[in-house]
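Note: hydrogens, waters and symmetry copies are ignored here, and every other heavy atom, side chains too, is used. Keep in mind the model is a prediction, meaning the values are calculated, not measured.
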Amino acid sequence: MLVASACGGAVSIGDPRTIPFEESLATQMSGHDGGTAIAVGPPPIPGVPNAPAPGGRVLVAVFEGAQRSGGYAIRITKITRAADELDVTAAFTAPAAGGVVTQVLTSPAHVVTIAAADAVGLKTAVLFDETGTERARATLP
């Protein structure tokens, strides 16, 4: 499920730096039916095979995981890089306890793109929620 980009370019080592990103796709119905996950690489990414990535860009996809109702969402809010690790922070939304929601299986996902140069040499991608709790980790080839 996880793919790394093999593009040329310089890699910054040291203190974390913020990586700019651009919107690609947000959906409540991804094809990912597992738990919370992160994927980084060129298209296609399993679970969101139609997510667009213009030339020179790499996809970063986060999945909240399969849910039994509506009201769930995930949204990337920040991406940083230090050495060979990409840290992705996302806001996770869940329906209010006792709230009225649609009774349908969902699988929320959010996909953004980063410059291919920012993905060179990555070995790990880590997904954090906004409290700083690690939610998923991927080793990139």
Side-chain angles (χ1 to χ4, degrees), residues 1-9 11-141:
M1 171 170 176
L2 302 169
V3 188
S5 175
C7 302
V11 175
S12 174
I13 297 178
D15 291 333
R17 64 183 172 92
T18 300
I19 303 295
F21 58 90
E22 296 176 4
E23 191 76 26
S24 177
L25 171 81
T27 183
Q28 291 296 310
M29 301 300 290
S30 76
H32 177 76
D33 59 1
T36 305
I38 184 168
V40 177
I45 296 253
V48 285
N50 296 324
R57 309 281 302 166
V58 171
L59 295 171
V60 176
V62 295
F63 303 92
E64 187 162 9
Q67 305 298 328
R68 295 178 160 258
S69 72
Y72 291 88
I74 186 169
R75 185 137 194 95
I76 295 171
T77 59
K78 183 177 181 181
I79 300 177
T80 58
R81 178 176 180 165
D84 59 4
E85 182 174 294
L86 193 71
D87 292 337
V88 178
T89 302
F92 288 76
T93 303
V100 177
V101 295
T102 58
Q103 296 302 306
V104 62
L105 297 176
T106 62
S107 182
H110 188 214
V111 185
V112 299
T113 65
I114 61 173
D118 288 326
V120 173
L122 286 176
K123 300 214 186 287
T124 307
V126 184
L127 174 61
F128 295 94
D129 64 24
E130 290 189 311
T131 68
T133 301
E134 183 176 319
R135 301 288 294 265
R137 176 178 290 264
T139 301
L140 307 173

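Considering only heavy atoms from C-beta on, Leu127 comes within 4.5 Å of Phe92 through its side chain. Between Leu122 and Asp84, every side-chain heavy-atom pair lies at or beyond the 4.5 Å cut-off. For the pair Ser24/Leu59, a side-chain contact is recorded, criterion being any heavy-atom separation below 4.5 Å from C-beta on. Using a 4.5 Å cut-off on side-chain heavy atoms (C-beta onward), Val60 and Ile19 make no contact. Looking at Val126 and Ile38, their side chains never come closer than 4.5 Å, going by heavy atoms from C-beta outward. Counting only heavy atoms from C-beta outward, the side chains of Asp118 and Arg17 approach each other to under 4.5 Å.
For the residue pair Ser107 / Ser30, a side-chain donor-acceptor distance below 3.5 Å is found, with atom types taken as modelled.
Checking side-chain atoms of Thr77 against main-chain N and O of Thr89 turns up a donor-acceptor pair under 3.5 Å. Without hydrogens or angle criteria, Arg135 side chain to Thr36 main chain gives no donor-acceptor distance under 3.5 Å.
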### Message
Pair Val111, Ile45 - check side-chain contact (heavy atoms from CB on, under 4.5 Å), show working.
### Response
CA-CA 10 Å; Val111 185; Ile45 296 253; over 6 Å; no
### Task
Please step through side-chain contact (heavy atoms from CB on, under 4.5 Å) for the pair Asp87 and Arg81, ending with a clear verdict.
CA-CA 6 Å; Asp87 292 337; Arg81 178 176 180 165; over 6 Å; no
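Looking at every heavy atom in both residues, Arg57 comes nearest to Ala115 through NH1-N, 3.4 Å. The nearest pair of heavy atoms linking Pro52 to Thr113 is O-CG2, 3.8 Å. In terms of heavy atoms, Val58 sits closest to Pro42 at CG1-N, 4.4 Å.
Under the rule for a side-chain hydrogen bond (donor to acceptor under 3.5 Å, both in side chains), the partners of Glu134 that lie at least two apart in sequence or sit in another chain are Arg137.
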Do any side-chain atoms of residues 63-76 form donor-acceptor pairs under 3.5 angstrom with protein atoms, and if so which ones, sequence neighbours left out?
residue	atom	partner	partner atom	Å
Glu64	OE1	Ala73	N	3.1
Gln67	NE2	Gly65	O	3.3
Arg75	NH1	His110	NE2	3.1
Arg75	NH2	Glu23	OE1	3.0

